[in-house]
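As structure tokens, the structure follows; a few thoughts come after it.
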Amino acid sequence: MISGKVLSSDGETIDYANVYLKGTGYYATTNEKGLYHITAPEGEYTIVFSSVGFEKLELKVTIKAKDRTKLNVKLKPATQLAEVIVVGNTLSKVKNSAFNATAVDTKELVNTTKTLSEALSKAPGMKIRESGGVGSDMAVTMDGFSGKHVKVFIDGVPQEGVGSSFGINNIPVNFADRIEVYRGVVPVGFGSDAIGGVINIVTPKRQRQWFLDASYSYGSFNTHKTYVNFGQTLSNGLKYEINAFQNYSDNNYWIDAPVEDFATGGINKNKLEHVRRFNDTYHNEAIIAKIGFVNKPWADRLMAGFTYSHMYKEMQTGVRQEIVYGQKHRHGHSLIGALEYGKRSLFTKGLDVALTANYNRNATVNVDTASVKYNWRGETDRLNSPGEQSYQNSRANNNNWSATFTSNYRLNENHVFTVNDVFNSFNRSNDNLLAATVSSDEIGKVTSKNIVGLSYRYMPNTRFNFTAFGKQYHQYVSGPVAETSAQDTYVKSSRSVDALGYGAAGTWFMPMGFQMKASYEKAYRLPTIEEMFGDEDLEVGDMALKPESSHNVNLNLSYNATFGKNIIYVEAGFIYRDTRDYIQRNILALSGGKSAATYVNYGKVDTKGVSVSAHYNFSKWLSLGGNFSQMNVRDNMKTAMGSTVANVAYRERMPNQPYMFADSDISFYWHGLGAKRNVLTVTYDNQYTHKFCYYASNIGSNNNDYMVPDQFAHNVTVSYGINNGRYNLSFECRNFTNERLYDNFSLQKAGRAFYGKVRIYFGN
């Protein structure tokens, strides 16, 4: 036998590397630790090591009978450079794939109070939009697509229907090892029906004997955040891990808003008052426990998990800031059971299998029973009937089942076949808690979807690889539909949809440090639970929504180079989307000056965009970089929906979409300050968003009431790590110039804020 470990030149393990004895049928692939072993007859051989993005290495070896030869190797990047820089100065494995993918490394951010969504904003083409402070509604904008167009996964498991406690704006950055971002064309391994792209949160999988990572932060607006992660891997393969976190904030920051005059019943939108939010407390708590076995003959990883989370959220505003609530709130909890299994070379060499299964029981209670209405001064006035938005005390009971299966088969070093299947089933029943006897809906809301994908990857050498794939989509929907315009009687209705998608992707590692990528996909996105069924409160669903379809094209060119202690990485990308039956979120006016959100299919939307990213590192002392994105998302309907009348917004920008934004950051590192293994880090970063229009630009561009203004936010972070990061102290100032910030029309975010954090880490 010959065995060993395959590493990159900077010491990172390389999994899925091909190792074989030249001219024979003896080969292996490395596991997640970079380990390999080959058993072959006694003799002299040439052993070959290869992996996409790295130079092939050939060495002479002698295998002796009844003996074990150990051989550890380091592979150089195919560009003959020291490392590939993506984000955070780390080697990204996804960068070597044929897909337009990058990885955000979270190691540089673990001493900050950032959430996963804030870390994501550093990736090219990404914009995170929140409606307020901690726990507020959040949407990801990726290359001009936002919200439901972008799918979120944790370790490859879809997160649709898991509850707001597990929104990426509520999960601390310490939870993830890295965040993978696939823009546009998506590998079949995710089984996704995304058009905009996929975000995959990868949690740490390192086999540590024991560890403890704990932190606490406190800051403005009475904000508290706690995170604890500990676990152990025993010599017999038994592994357990506990993750727990909580967020709390009063969110009582100051804003500028028009105030309703109860005497006249009017709102002067041209007169803004400086007022404090008062009904916006949010807190959530979550604990994730996992136990199982690793590195066993029958399983590389077999883990069972249990998750409990709780959420309480006061509702300060509706979908527009002029709407004020003083008592409206919601609360809920979620219970999740999970199972994951993975085995490399199952039954035969080269056949890798991964399986996950989840059940999620989620209950959310919406409470709106006040008999008074509020304005921004906190003044009250009697209501003619109870309910600030709509009189209710109702519980939505959500049940969500999901399962994923992925199988990869490697036929020698050049060919890989992948089969993936993702199944999801959801049902919701509503209980009316207002009556003395709890009553439930007679007709439940049910949907299920299944996506099957098949791909083939060809890797003739380390400088080129090509992937072709197909996807089969299926969705079933059932629920109540109103029989009359008064919506007083309902009947059960159901429908099914099927679609076939396909695509291809390729990458070429060119001379002189360049890499080119190109990909195309005919993609579909099935309507989500919220789009079809709403949230039983401020979001109104439509069961009749059709799937979106899109032709997606990505082109990408990158360059990386090392000159002594200087490392440079530059990337430029172009995207094109031709989308049909685009699902658009609109504001629906209700009686009494109230509003809600609704979803409609909007015929044709055309998207073209460019993004540029650049990063520079000097030794271990300096790091700086930035991203710029400009997206041209246009209405491509010549006539208005459902008529022959000319569409006045034809070729105008789609409303309520940021189309030009940028960010940059610079970090200085002082190693050895106070002691040899201590380091002081000072980071400045900023985010710029160009103004955009709430309605079609030719309708509202001359009316400031319809514009989200230019915004430029500045932040600074100072952290001090002691004894190689065992003890850490950090201080942050967010928005230190106290700018008025908006991610959504009229919904103002917090001004200047300060946060401090203490973190400890022990383990080996």
> Side chains of Asn393 and Thr369: donor-acceptor distance under 3.5 Å anywhere?
Replying inline: no
>> Could you work out, with side chain to side chain contact (heavy atoms under 4.5 Å, CB included) as the rule, every residue matching Lys522, not counting sequence neighbours?
In response: Tyr502, Tyr520, Tyr524, Ser549, His551
>> Rounded to the nearest 0.5 Å, what separates atom CG in Asp421 from atom CD1 in Ile451?
In response: 9.0 Å
>> Distance alone, cut at 3.5 Å: any donor-acceptor contact between the side chains of Arg428 and Asn398?
In response: yes
> How would you list, by chain and number, every residue that makes a salt bridge (Lys or Arg N to Asp or Glu O under 4.0 Å) with Lys471, sequence neighbours excluded?
Replying inline: Glu521
>> Can you confirm if the aromatic rings of Phe153 and Phe190 lie within a centre distance of less than 6.0 Å?
In response: yes
> To the nearest 0.5 Å, what is the distance between NZ (Lys445) and CG (Asn430)?
Replying inline: 5.5 Å
> Considering residues at least two apart in sequence or located in another chain, which fulfil the side chain to side chain contact (heavy atoms under 4.5 Å, CB included) criterion with Ser455?
Replying inline: Val188, Thr418, Thr467, Phe469
>> Please determine whether side chain to side chain contact (heavy atoms under 4.5 Å, CB included) holds for the pair Phe423 and Val452, giving the CA-CA distance in whole Å, both sets of side-chain angles, and the decisive distance to 0.1 Å.
In response: CA-CA 9 Å; Phe423 172 78; Val452 180; over 6 Å; no
> Closest heavy-atom contact between Asn360 and Ser334?
Replying inline: OD1-OG, 2.7 Å
> Is the closest basic N to carboxylate O distance between Asp606 and Arg634 below 4.0 Å?
Replying inline: no
> Counting N and O atoms only, with roles assigned by atom type, does the side chain of Asn375 sit under 3.5 Å from a partner on the main chain of Glu260, one being a donor and the other an acceptor?
Replying inline: yes
>> My understanding is that only residues two or more places apart in sequence, or in another chain, count here; which of them pass side chain to side chain contact (heavy atoms under 4.5 Å, CB included) with Tyr456?
In response: His415, Phe417, Tyr458
> With distance as the sole criterion, is a donor-acceptor pair present between the side chains of Glu285 and Tyr308 under 3.5 Å?
Replying inline: no
>> Please check: side-chain N/O of Asn601 versus main-chain N/O of Lys546, any donor-acceptor pairing under 3.5 Å?
In response: yes
>> A side-chain contact here means heavy atoms from C-beta on lying under 4.5 Å apart; do Phe175 and Ile288 qualify?
In response: yes
>> Let's go through Tyr374 and Gln327 carefully: what are the C-alpha distance in whole Å and the side-chain angles of both, what is the deciding distance for side chain to side chain contact (heavy atoms under 4.5 Å, CB included) to 0.1 Å, and is it a yes or a no?
In response: CA-CA 9 Å; Tyr374 290 76; Gln327 298 181 38; 3.0 Å; yes
> Between the side chains of Ser448 and Ser425, is a donor N or O closer than 3.5 angstrom to an acceptor N or O?
Replying inline: no
> So do the side chains of Tyr391 and Leu434 get within less than 4.5 Å of each other, counting heavy atoms only?
Replying inline: yes
> So do Glu548 and Val605 actually touch side chain to side chain, heavy atoms under 4.5 Å?
Replying inline: no
> Under the 3.5 angstrom rule, does the side chain of His283 hit a backbone N or O of Thr281 as a donor-acceptor pair?
Replying inline: no
> At what distance, to the nearest 0.5 angstrom, does CG of Asn243 lie from OG1 of Thr307?
Replying inline: 9.0 Å
> When rounded to the nearest 0.5 angstrom, what distance separates CZ in Arg525 from CG in Asp581?
Replying inline: 11.0 Å
>> Hydrogens and angles aside, do Tyr473 and Asn450 bring a side-chain donor and acceptor to less than 3.5 Å of each other?
In response: no
> Closest heavy-atom contact between Met637 and Gly603?
Replying inline: SD-CA, 3.6 Å
> Of all heavy-atom pairs between Gln475 and Thr447, which one has the smallest distance, and what is that distance?
Replying inline: NE2-OG1, 3.6 Å
>> Met654 vs Gln584, test: side chain to side chain contact (heavy atoms under 4.5 Å, CB included). Steps then yes/no.
In response: CA-CA 10 Å; Met654 291 297 289; Gln584 185 179 24; 3.7 Å; yes
> Just wondering, do Asp155 and Val202 contact through their side chains at under 4.5 Å, heavy atoms?
Replying inline: yes
> Could you state the interatomic distance from OH (Tyr599) to CG (Leu545), rounded to the nearest 0.5 Å?
Replying inline: 9.5 Å
> Closest heavy-atom contact between Lys492 and Ser478?
Replying inline: CE-OG, 3.1 Å
> Which atom names give the shortest non-hydrogen contact between Ala257 and Gln321, and what distance separates them?
Replying inline: CB-NE2, 3.6 Å
>> Is it true that Tyr282 and Asn170 share a donor-acceptor pair across their side chains at a distance under 3.5 Å?
In response: yes
> Between Gln389 and Asp368, is there a donor-acceptor pair closer than 3.5 Å when you use the side chain of the first and the backbone of the second?
Replying inline: no
>> Restricting to salt bridge (Lys or Arg N to Asp or Glu O under 4.0 Å), what partner residues turn up for Asp578, sequence neighbours left out?
In response: Arg580
>> Go through it in stages, so that I can follow the logic: the residues are Asp280 and Gln316, the test is side-chain hydrogen bond (donor to acceptor under 3.5 Å, both in side chains), and I'd like the CA-CA distance, side-chain angles, deciding distance and then a yes or no.
In response: CA-CA 5 Å; Asp280 206 18; Gln316 179 69 92; over 6 Å; no
> Between Arg653 and Tyr659, is NZ or CZ placed under 6.0 angstrom from the six-membered ring centre and within 45° of the ring axis?
Replying inline: yes
> Between the main-chain N or O of Val134 and the side-chain N or O of Asn251, is there a donor-acceptor pair closer than 3.5 Å?
Replying inline: yes
> Any donor and acceptor pair, going by atom type alone, linking the side chain of Arg495 with main-chain N or O of Val477 inside 3.5 Å?
Replying inline: no
> Residues in side chain to side chain contact (heavy atoms under 4.5 Å, CB included) with Asp498, at least two apart?
Replying inline: Gln472, His474
> Do Ile199 and Ile179 have side-chain heavy atoms sitting under 4.5 Å apart?
Replying inline: yes
> Without hydrogens or angle criteria, can the side chains of Thr404 and Thr356 be said to hold a donor-acceptor pair below 3.5 Å?
Replying inline: yes
>> On a heavy-atom basis, which atom in Thr115 and which in Asn169 lie closest, and how many Å separate them?
In response: CG2-O, 3.3 Å
> Going by the angle between their ring planes, with limits at 30° and 60°, are Phe533 and Phe426 parallel, tilted or perpendicular?
Replying inline: parallel
>> Any heavy-atom pair between the side chains of Thr203 and Ile154 that's under 4.5 Å?
In response: yes
> After noting the C-alpha distance and the side-chain angles of Ile323 and Lys373, does the key distance pass the side chain to side chain contact (heavy atoms under 4.5 Å, CB included) rule?
Replying inline: CA-CA 10 Å; Ile323 301 169; Lys373 64 177 179 178; over 6 Å; no
>> For the OG atom of Ser309 and the CG atom of Asn362, what is their distance to the nearest 0.5 Å?
In response: 7.0 Å
>> Could you check whether Glu314 pairs with Arg330 (Lys NZ or Arg NE/NH1/NH2 to Asp/Glu carboxylate O, under 4.0 Å)?
In response: no
> Would you call Asn400 and Asn424 a side-chain contact if the rule is heavy atoms closer than 4.5 Å?
Replying inline: yes
>> With a 4.5 Å cut-off on side-chain heavy atoms, are Thr607 and Gln657 touching?
In response: no
>> Checking Ser394 against Gln392: is there a side-chain donor and acceptor pair closer than 3.5 Å?
In response: yes
>> Quick one: does any side-chain atom of Asn279 pair with a main-chain N or O of Lys328 as donor and acceptor, under 3.5 Å?
In response: yes
